[in-house]
**Q** 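Okay, here's the structure, questions in a sec.
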There are 2 protein chains.
Amino acid sequence: MNAKKAVERQTGVALWRQIADLIRLSISNGDYDQTGMVPPETVLAGQFGVNRHTVRSALAALANEGLVQAIQGRGTMIQRKERLSFPISRRTRFSQGLGDQARETEARLLAKATVPVAGDVAKGLKIDPGALCIQLDLVSSADGRPVSCSTSFFPQSRFPAMAEEFERLRSITKAFAAQGLADYVRISTELVARHADAGELALLRLSPGAIVIEATAINADPEGVPVQFSRTRFAADRVKLKIET
Amino acid sequence: MNAKKAVERQTGVALWRQIADLIRLSISNGDYDQTGMVPPETVLAGQFGVNRHTVRSALAALANEGLVQAIQGRGTMIQRKERLSFPISRRTRFSQGLGDQARETEARLLAKATVPVAGDVAKGLKIDPGALCIQLDLVSSADGRPVSCSTSFFPQSRFPAMAEEFERLRSITKAFAAQGLADYVRISTELVARHADAGELALLRLSPGAIVIEATAINADPEGVPVQFSRTRFAADRVKLKIET
DNA sequence: TATAGTTGTCTATATTAATAGACATTTCGG
DNA sequence: CCGAAATGTCTATTAATATAGACAACTATA
């Protein structure tokens, strides 16, 4: 694993961004744990085979994310180093799974609406196209850092007060419970990874070019009747999805 | 969904690459299914708010991937449009799960070695650090297109002939069977998404800047004793991972 | 067969990314 | 308190990216 780390030219991705991504990866892999510092700029420039200024651009981007902090004369220190491990199982819930990985989790409501659904959503919820659903858009954070943003649909006929209950209780699980659904399970999850779009960049406070993992999931009541269709976009560099079978 | 698609400047990702990524996404979303063609360059340039030449660079990249083909006077036709759905469950196997999605699947052996393992691998396999394992590096393809590349470790003491059996039978499942292990199950899968490195770009024939999903998995025999530790990198734009709980 | 609509090619220019080198400034240990 | 090692700042140059416009070449159709 001592090979020169690879950056490529003329790919449409600036060298400084490729290098920033690689350093971010090394940090979360714990490669620099012994010192708690990023190697000196000249060393990195040598490893990547680029000019020191290019490395400085990469480090500036990481400093802008709050991941590292450079101190003149000393070096560049690692400020944060995390990748939340996120369980996906039949009993997936946002806040629970994080357990003691974060001191504080929060789900903020961005938007609520009552909309007719069709296509994927209607099919997933096994309801007729055009039927009304409550739509909730959320951003979930751990320790103040956004981790995911999601759009969920709930059949209005069954959960007419979903939006209000969520605002009151600030938890999907509790909002379900308040409307008579004590338990639910994940029956389907599909994952796709792609570049974040502009809206996601803003919501998740990502730097452009960042990656999101999009999880399309369906939750159902114990009888198997779908109760929630959700599309959650995780900031890929902040999470590790752990599948429990 | 009629909003102008967003591209951002000065992000370290060239506009033509951002646009190529967005068009690729639209293609796999089926946005152009009615015509089977990408909209004209001038229309795309308007949508993205860039010069036509910039769109042409994006389309040239996609043509280079074999995703589209431009024909002078007619337009730019979509050549391929797929995303293999890849099941992940207790019974995950490569070729089986793809079912009728591909006519032909292949696993090619890149390298074999006997190596002492440590760290993650030893811990995952529940063996002592320094114990010997058979390491197999594979590239898996469906219909001639590489889908994933993987590195697997098998305890040498239990499966001494893993490499040879795999070369003979061209299947992990069959190689296990030939060494007395009739059945195995997935006990752990962790997913991370990141940019592909140079080696992966070459192996999976990806265009630079592409995304891979890295799945770190452990398979065990029916008694729960780990038999395989694998790290598989999927070409993110070619697969959809379907988690079955 | 004319023509509208499309991709292909060329030239020119401006902006951004990357390299190169020099030197200032700060920190820390001997 | 000196000097090695690190980051900060500046100038200059080259290469890659993006814009702009004009026109050629090809396709389909009215």
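Values below: every heavy atom of this structure, side chains too, minus hydrogens, waters and symmetry copies. Sequence lines set the chain letters: A, B, ... in the order given, protein chains first and strands last, and positions in each chain run from 1. Worth saying up front: this structure is predicted, and the values here are computed from it rather than measured.
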**Q** Which sits closer to the 5' end of DNA chain C, B:R52 or A:R52, going by the nucleotide each is nearest to?
**A** B:R52
**Q** Got a sec, which residues hit side-chain hydrogen bond (donor to acceptor under 3.5 Å, both in side chains) with A:S152, two or more places apart in sequence or on another chain?
**A** A:Q228
**Q** I'd like to know if the side chain of B:R238 reaches the main chain of B:P146, judged simply by a donor and an acceptor atom lying under 3.5 Å from each other, with no hydrogens or angles considered.
**A** yes
**Q** In whole angstroms, how far is the P atom of C:dG21 from the CG atom of A:N51?
**A** 9 Å
**Q** Considering only nitrogen or oxygen atoms on both sides, find all protein atoms under 3.5 Å from nucleotides 12-16 of chain D and state each distance.
**A**
residue	atom	partner	partner atom	Å
D:dA16	OP1	A:Q10	NE2	3.2

**Q** Please enumerate all residues that pass salt bridge (Lys or Arg N to Asp or Glu O under 4.0 Å) together with B:R233, with sequence neighbours excluded.
**A** B:E200
**Q** For A:A14, enumerate each residue passing the side-chain contact (heavy atoms from CB on, under 4.5 Å) test, keeping only those at least two apart in sequence or located in another chain.
**A** A:W16
**Q** Output one line per pair: protein atom, nucleotide atom from nucleotides 27-30 of chain D, and distance, for all N/O pairs under 3.5 Å.
**A**
residue	atom	partner	partner atom	Å
D:dA28	OP1	B:R74	NH1	2.6

**Q** Figure out the CE/C1' separation between B:M77 and C:dT7, and round it to whole Å.
**A** 12 Å
**Q** Figure out the CZ/P separation between A:F48 and C:dT19, and round it to whole Å.
**A** 13 Å
**Q** Once you build an axis from the first five pairs and another from the last five of the helix from C:dT1-D:dA30 to C:dG30-D:dC1, how far apart in angle are they, to 10 degrees?
**A** 30°
**Q** Identify each donor-acceptor pair in which a side-chain atom of residues 56-64 of chain B lies under 3.5 Å from a protein atom, sequence neighbours left out, and give them as a table.
**A**
residue	atom	partner	partner atom	Å
B:R56	NH1	B:E41	OE1	3.4
B:R56	NH1	B:E41	OE2	3.0
B:S57	OG	B:H53	O	3.3

**Q** Tell me the interatomic distance from A:M37, atom CE, to C:dC28, atom C1', rounded to whole angstroms.
**A** 12 Å
**Q** Using whole Å, report how far CD of B:E41 lies from P of C:dG8.
**A** 6 Å
**Q** The side chain of B:P40 lies closest to which of these nucleotides: C:dT7, D:dT19, C:dA18?
**A** C:dT7
**Q** Atom CG of B:L62 and atom P of C:dT7: how far apart are they, to the nearest Å?
**A** 14 Å
**Q** Any N or O donor-acceptor pair under 3.5 Å from the base of D:dG21 to the side chain of B:H53?
**A** yes
**Q** List the residues meeting side-chain contact (heavy atoms from CB on, under 4.5 Å) with B:A70, not counting sequence neighbours, and say none if there are none.
**A** B:T76
**Q** State whether B:T76 places a side-chain N or O below 4.0 Å from either non-bridging phosphate oxygen (OP1 or OP2) of C:dT7.
**A** yes
**Q** Please name all residues satisfying salt bridge (Lys or Arg N to Asp or Glu O under 4.0 Å) with A:D137, sequence neighbours left out, ordered by chain then number.
**A** none
**Q** Among pairs that include at least one residue of residues 123-132 of chain B, which meet salt bridge (Lys or Arg N to Asp or Glu O under 4.0 Å), considering only residues two or more places apart or in two chains?
**A** none
**Q** Could you state the atom-to-atom distance from CZ of B:R56 to P of C:dC10 in whole Å?
**A** 11 Å
**Q** According to side-chain contact (heavy atoms from CB on, under 4.5 Å), who are the partners of A:P116, at least two apart in sequence or on a separate chain?
**A** A:L132
**Q** Answer yes or no: is there a donor N or O on one side and an acceptor on the other, between the side chain of B:T35 and the main chain of B:M37, under 3.5 Å?
**A** yes
**Q** Could you list the residues that satisfy salt bridge (Lys or Arg N to Asp or Glu O under 4.0 Å) with B:R74, not counting sequence neighbours?
**A** none
